[in-house]
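Right, one structure below, let's go through it.
All ligand and atom numbering here is 1-based and tracks the order in the structure.
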Amino acid sequence: MKPKLVVGNWKMNKPFDDAQDLILDIQNNLKDRKLQTEVVLCPPFVYMELITDIAEEEDSQFYAGAQNCSEHESGAYTGEVSAEMLASMGVEFCIVGHSERRKYFGETNAVIAQKIDLLLKNDIVPIVCCGELLEERKAGKHTQVVQQQIEESLFHLQASEFERVIIAYEPVWAIGTGETATPAQAEEMHAFIRSLVEKKYGTEMAYNTYILYGGSCNPKNAADLFMQEDVDGGLIGGASLKADDFCAIIDAGENVLKEN
Ligand code: 13P
């Protein structure tokens with residue numbers, strides 16, 4: 001089993017003082033530990049420097065990640081933030097194609113593909129989200145939907161590019177609802193995604209690709225999810241806003257690795 005990757009997606013939460021406290025609490029909780037689990041914190045853009053300042057220190061336990069970037073390289077796009085800007089701030093990961101961006105900001109697979117290209121060009125690891133709506137699962141179309149999202153946003157990449165990508169499966173019906181996919185549901189989809197990667201890029205690439213689960217992952221269910229063969233970690237929303245919960249999920253990653 002590979003070491004787990006745990007990514008905190010803060011979304012649009014917390015005023016500055018609370019954000020600062022959260023980072024300090026996480027830092028204190030993790031300091032002096034020899035973690036095998038990799039940790040990425042994705043705050044809102046305006047707080048990025050709080051994370052990059054710490055992430056750049058030699059003994060830092062986490063990396064800086066963004067929640068989004070522009071599909072444009074640079075120029076007159078008021079309010080947007082480019083991949084180049086993120087890279088120049090020391091950001092090493094970026095979430096793309098989150099279902100909230102697909103739903104509220106009309107992001108298509110084609111736009112997501114453009115963002116992925118710009119992130120890779122700037123040496124930032126894209127964390128590419130996919131996942132079906134409840135209606136799609138009820139209609140038995142969940143694998144078809146996820147296959148299309150992955151093929152259209154990722155499969156134009158060369159192998160040397162794809163190897164730098166992380167995939168996050170986030171069933172939309174599980175996000176922020178308290179209704180988690182069962183470990184079996186998560187494993188079924190993760191194994192399916194890995195089989196798509198294997199067909200396109202081969203067995204070694206499929207094994208090495210990190211596939212995270214996201215959607216109401218919390219300290220209670222994280223271990224059961226992380227124990228699944230094809231679940232390489234978690235993309236955590238609500239539970240990443242409380243240092244104790246987030247660190248308990250990291251602990252679950254550590255424990256599962258030790259036991260397997
Ligand atoms: P919750 O953990 O709050 O369900 O959010 C998951 C998510 O969307 C992470 O990107």
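- What sits closest to atom 5 (O) of ligand 1 on the protein, heavy atoms only, is K11 NZ, 3.3 Å.
- In E56, the CD atom is crowded: over 12 heavy atoms of neighbouring residues, nucleotides or ligands sit closer than 6.0 Å.
- Inclusion of S216 in the set of residues having an N or O under 3.5 Å from an N or O of ligand 1 is warranted.
- Each of the atoms 9 (C), 10 (O) of ligand 1 lies under 4.0 Å from some heavy atom of N9.
- At the top of the distance list for atom 2 (O) of ligand 1, counting protein heavy atoms only, stands G237 N, 2.9 Å.
- Counting only heavy atoms of the protein, atom 3 (O) of ligand 1 lies nearest to G238 N, 2.8 Å.
- With a 6.0 Å cutoff to the six-membered ring centre and a 45° limit on the axis angle, K2 counts as a cation-pi contact of Y207.
- Contact atoms of ligand 1 toward H98: 7 (C), 8 (O), 9 (C), 10 (O) (distance under 4.0 Å to a heavy atom of the residue).
- Of all protein heavy atoms, the one closest to atom 7 (C) of ligand 1 is E170 OE2, 3.1 Å.
- In this structure, Y213 and H190 have tilted ring planes: the angle between them lies in the 30° to 60° band.
- Taking every heavy atom of L235 and a limit of under 4.0 angstrom, the matching atoms of ligand 1 come to 9 (C), 10 (O).
- Proximity to G215 (heavy-atom distance under 4.0 Å) selects the following atoms of ligand 1: 4 (O), 6 (C).
- Under the salt bridge (Lys or Arg N to Asp or Glu O under 4.0 Å) criterion, D245 pairs with no residue at all, not counting sequence neighbours.
- Results of the salt bridge (Lys or Arg N to Asp or Glu O under 4.0 Å) test with K121 over E73, E161, E84 single out E73 as the only residue that passes.
- The two residues L22 and K242 have their closest heavy-atom pair at CD1-C, 4.1 Å.
- A parallel orientation is assigned to the rings of Y201 and F162, their planes being inclined by less than 30° (bins at 30° and 60°).
- Counting heavy atoms closer than 4.0 Å to ligand 1, residue A174 contributes backbone atoms (N, CA, C, O) but none from C-beta onward.
- The closest approach between any non-hydrogen atom of A239 and ligand 1 is not below 4.0 Å.
- Heavy-atom proximity to G176, at under 4.0 Å, picks out these atoms of ligand 1: 1 (P), 3 (O), 4 (O).
- The closest donor-acceptor contact from the side chain of Y47 to the backbone of K14 lies under 3.5 Å.
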